[in-house]
Amino acid sequence: MTVPEITLNDGHSIPQLGFGLFRVDVDETQRIAELAIEAGYRHFDDAKIYGNEEGLGRAIAASGLPREDFFITTKLWQDDQGREAPHRAIDASLERLGLDYVDLYLIHWPHPSDGLAADTWLAFEEIRDAGRARSIGVSNFREVDLAELARRSSTVPAVNQIELHPRFQQRPLRAEQEGRGIRTEAWGPLGHGRYAAGELPEVVAIGEAHGVSGAQVVLRWLLQEGVIVFPKSSTAARIRENFDVFGFELSDAELATIRGLDDGTRVGRDPAEN
Ligand code: NAD
């Protein structure tokens, strides 16, 4: 199964489907990442705060696959924001991952109360220039945060990773990102464990029409909308199921039905509130 690649604004490309590592148990991470590699995933979305970079690094090393086959993202936590601290933070992440570079490094949250995001971004440019990250981007940035970065730097983030699932689709922010050349990554695509997006009745009905699960419908919907997505599961069968989303196509009417499910329900924290 070939995962489509998306070209980022810096010319690098990213596999559109990956595997998320939030709440993957530290002691289980290597085994679960190995299951994902075996299922075909090569794009992994990690973060310092998930505490499991070492396990992912061990799975990559044990795979015997060349480094270039993987696309590895990690994220800078807010206690490392600033003009200098990001340099230490990326070195520590790379050490834990056992890698010389990450493919994508993200500012995890804007944390507006600290006002350090734009300074952090200047450090991110240096990290990219030093080859420690191929691409740099942001996560949970609002329109106002993106505007502030644009005021301080000419480097446009490659991606903004935002909460995005059927009940919270963030259309205005996504349109703004598209205008700036920033690709959208979805976190919590299946409901972030707070609700089961694949069990919404409209989604289940679409799944029945195609002989696939509701979770597969939701992932397929995001892929057809051009969004980059990396569901998390710790169960072998679901890890495989979530990768098996290229054998069917949703119609325009089905896409419209899912678009109609947005009721503004946020399941994660509001970036404005910290
Ligand atoms: P998700 O929406 O991927 O949901 C994961 C949960 O959905 C699992 O725990 C499981 O209970 C369920 N699930 C998985 N596959 C299923 C299937 N096939 N059928 C039924 N249920 C299934 O939530 P997530 O982990 O929060 O988001 C995905 C990734 O996004 C994370 O692992 C992480 O990499 C990233 N993320 C980033 C941020 C951020 O602030 N940038 C926040 C949250 C998550």
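Indexing begins at 1, ligand by ligand and atom by atom, following the structure's order.
Polar contact with ligand 1: absent for K75 (N/O pair, distance under 3.5 Å). For ligand 1, one of its N or O atoms has an N or O atom of L190 under 3.5 Å away. Polar contact with ligand 1: absent for A215 (N/O pair, distance under 3.5 Å). Where the criterion is an N or O separation shorter than 3.5 Å, residue side chain and backbone included, S233 fails it with respect to ligand 1. Between F230 and ligand 1, a contact under 3.5 Å exists for no N or O pair.
Atoms of ligand 1 found under 4.0 Å from any heavy atom of P231 (numbered from 1 in listed order, with element): 3 (O). Proximity to Q161 (heavy-atom distance under 4.0 Å) selects the following atoms of ligand 1: 35 (C), 36 (N), 37 (C), 38 (C), 39 (C), 41 (N). Interface of G191 with ligand 1, defined as ligand atoms under 4.0 Å from a residue heavy atom, comprises 2 (O). Remark: ligand 1 atoms within the under-4.0 Å shell around heavy atoms of H108 are 39 (C), 40 (O), 41 (N).
Nearest heavy atoms, W109 versus R269: CH2-CG, 3.1 Å.
Heavy atoms of P189 approach ligand 1 to within less than 4.0 angstrom. Under a 4.0 angstrom heavy-atom cut-off, G188 registers as being in contact with ligand 1. Under the 4.0 angstrom criterion for non-hydrogen atoms, W109 is in contact with ligand 1. For S213, the closest heavy-atom approach to ligand 1 does not fall below 4.0 Å.
Using a 4.0 Å cut-off between heavy atoms, H192 contacts ligand 1 through both its backbone and its side chain. At a heavy-atom cutoff of 4.0 Å, ligand 1 is contacted by no atom of T235, backbone or side chain. Contacts of L106 with ligand 1, taken as heavy-atom pairs under 4.0 Å, are absent altogether.
Remark: minimum distance from atom 42 (C) of ligand 1 to any protein heavy atom is reached at W187 CD2, 3.1 Å. Looking from atom 40 (O) of ligand 1 to the surrounding protein, the closest heavy atom is N140 ND2, 2.9 Å. For atom 15 (N) of ligand 1, the closest non-hydrogen atom of the protein is N242 ND2, 3.0 Å. Here the heavy atom of the protein found nearest to atom 31 (C) of ligand 1 is F22 CB, 3.5 Å. Closest to atom 34 (O) of ligand 1, if we only count protein heavy atoms, is D45 OD2, 2.6 Å. Looking only at protein heavy atoms, the nearest one to atom 9 (O) of ligand 1 is K232 NZ, 3.4 Å.
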*What's the verdict on side chain to side chain contact (heavy atoms under 4.5 Å, CB included) for I72 and D46, showing C-alpha distance, side-chain angles and the deciding distance?*
CA-CA 8 Å; I72 306 300; D46 210 343; 5.7 Å; no
*Report the C-alpha separation of F230 and F19 in whole Å, then their side-chain angles, then the decisive distance to 0.1 Å, and conclude whether the ring-ring contact (aromatic ring centres under 6.0 Å, His included) test is met.*
CA-CA 4 Å; F230 24 80; F19 185 83; 9.9 Å; no
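Residue E199 qualifies as open at atom CD: its count of foreign heavy atoms under 6.0 Å is 12 or below. Heavy-atom neighbours of D270 CG from other residues, nucleotides or ligands within 6.0 Å: above the threshold of 12. Counting non-hydrogen atoms of other residues, nucleotides and ligands closer than 6.0 Å to CD of E143 gives a total above 12.
Side chains of I206 and T257 form a contact here, defined as non-hydrogen atoms less than 4.5 Å apart. Proximity of P112 to R142: side-chain heavy atoms (C-beta onward) are separated by under 4.5 Å at one or more points.
Residues R240 and D244 are not paired through a salt bridge, judged by the lack of any N-O separation under 4.0 Å between the basic side chain and the carboxylate.
Using modelled atom types, one finds no donor on one side chain facing an acceptor on the other under 3.5 Å when comparing R238 with S233.
In this structure, the ring of F71 has its center no less than 6.0 angstrom from the ring center of F44.
The nearest non-hydrogen atom to atom 19 (N) of ligand 1, considering only R23, R238, R240, comes from R238.
Each of E185, R174, E225 was compared with L164 under the side-chain contact (heavy atoms from CB on, under 4.5 Å) criterion, and only R174 meets it. Applying side-chain hydrogen bond (donor to acceptor under 3.5 Å, both in side chains) to D103 and the options R67, H12, H43, R134 leaves one that passes, R67.
Ring-plane geometry between H210 and F248 is classed as tilted, the angle between the planes lying from 30 to 60 degrees on a 0 to 90 degree scale.
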